[in-house]
Amino acid sequence: WKIVQQSDGSYKIENVRALQQSPSDVGLLSTYMRGTTNGTDATIYHDIAAPDQFWTIKAAGDGSNYLELTNNYTGKALSV
C-alpha cells in the first residue's frame, strides 16, 4: 500500500501491486458500494475520485501508538 496525502489533508490509499501492473489504473481502498453501516466491507476500486476513496489517519485515541484509518465518507474506522 502507498499512502498519498491530498491537498485537503485527507489521504488516498493506493494498491502498490495494481500500480506496478498498470500505472494508469490505480486501485484505491474504498468502501464496498459506498456502504455506511458497521460491517461494510472494504474493497479496491479504480480511482474515480469518489467520496469513499478518501481517508483520514489519526491517533487511535486509546493512549497507544496505534493509528486509525477513518473513511471520510462514512466516518467509520477501518477494522481488520
Side-chain angles (χ1 to χ4, degrees):
W1 295 99
K2 180 179 175 186
I3 300 170
V4 181
Q5 187 169 16
Q6 306 300 295
S7 60
D8 65 356
S10 65
Y11 296 87
K12 287 185 177 182
I13 314 297
E14 297 179 348
N15 182 325
V16 174
R17 183 176 291 165
L19 278 172
Q20 292 169 344
Q21 293 173 357
S22 177
S24 63
D25 190 21
V26 176
L28 297 179
L29 187 63
S30 304
T31 57
Y32 183 70
M33 304 285 293
R34 293 191 187 166
T36 58
T37 60
N38 288 339
T40 295
D41 290 329
T43 189
I44 301 169
Y45 198 74
H46 308 289
D47 185 354
I48 57 171
D52 65 321
Q53 293 182 320
F54 295 91
W55 299 80
T56 300
I57 301 173
K58 61 182 179 180
D62 60 1
S64 70
N65 291 326
Y66 292 106
L67 298 173
E68 181 178 278
L69 279 175
T70 303
N71 185 274
N72 289 4
Y73 180 74
T74 66
K76 306 280 184 185
L78 180 66
S79 178
V80 292

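Values in this document were obtained by computation on a predicted structure and should not be read as measured data.
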Tyr11 OH to Leu28 CG distance, which is reported to the nearest 0.5 Å: 15.5 Å

Result of checking Asn15, Leu78, Thr43 against Leu29 for side-chain contact (heavy atoms from CB on, under 4.5 Å): Leu78

Exceeds 12 heavy-atom contacts within 6.0 angstrom, atom CG of Asp62: yes

Shared hydrophobic cluster, Trp1 / Leu69 (ILVMFWY, side-chain heavy atoms < 4.5 Å): yes

Check: Asp52 side chain, Thr31 main-chain N or O, donor-acceptor pair, under 3.5 Å: yes

Value rounded to 0.5 Å, distance of CD1 in Ile3 from CD in Glu14: 10.5 Å

Side chain to side chain, Lys76 and Asn71, heavy atoms closer than 4.5 Å: no

Heavy-atom pair with the smallest gap, counting every atom of Ser10 and Asn72: CB-ND2, 3.2 Å

Ser30 side, atom OG; Trp55 side, atom CH2 - distance, nearest 0.5 Å: 7.5 Å

Closest approach of Ile48 to Gln53 (non-hydrogen atoms, all atoms of both residues): N-OE1, 3.2 Å

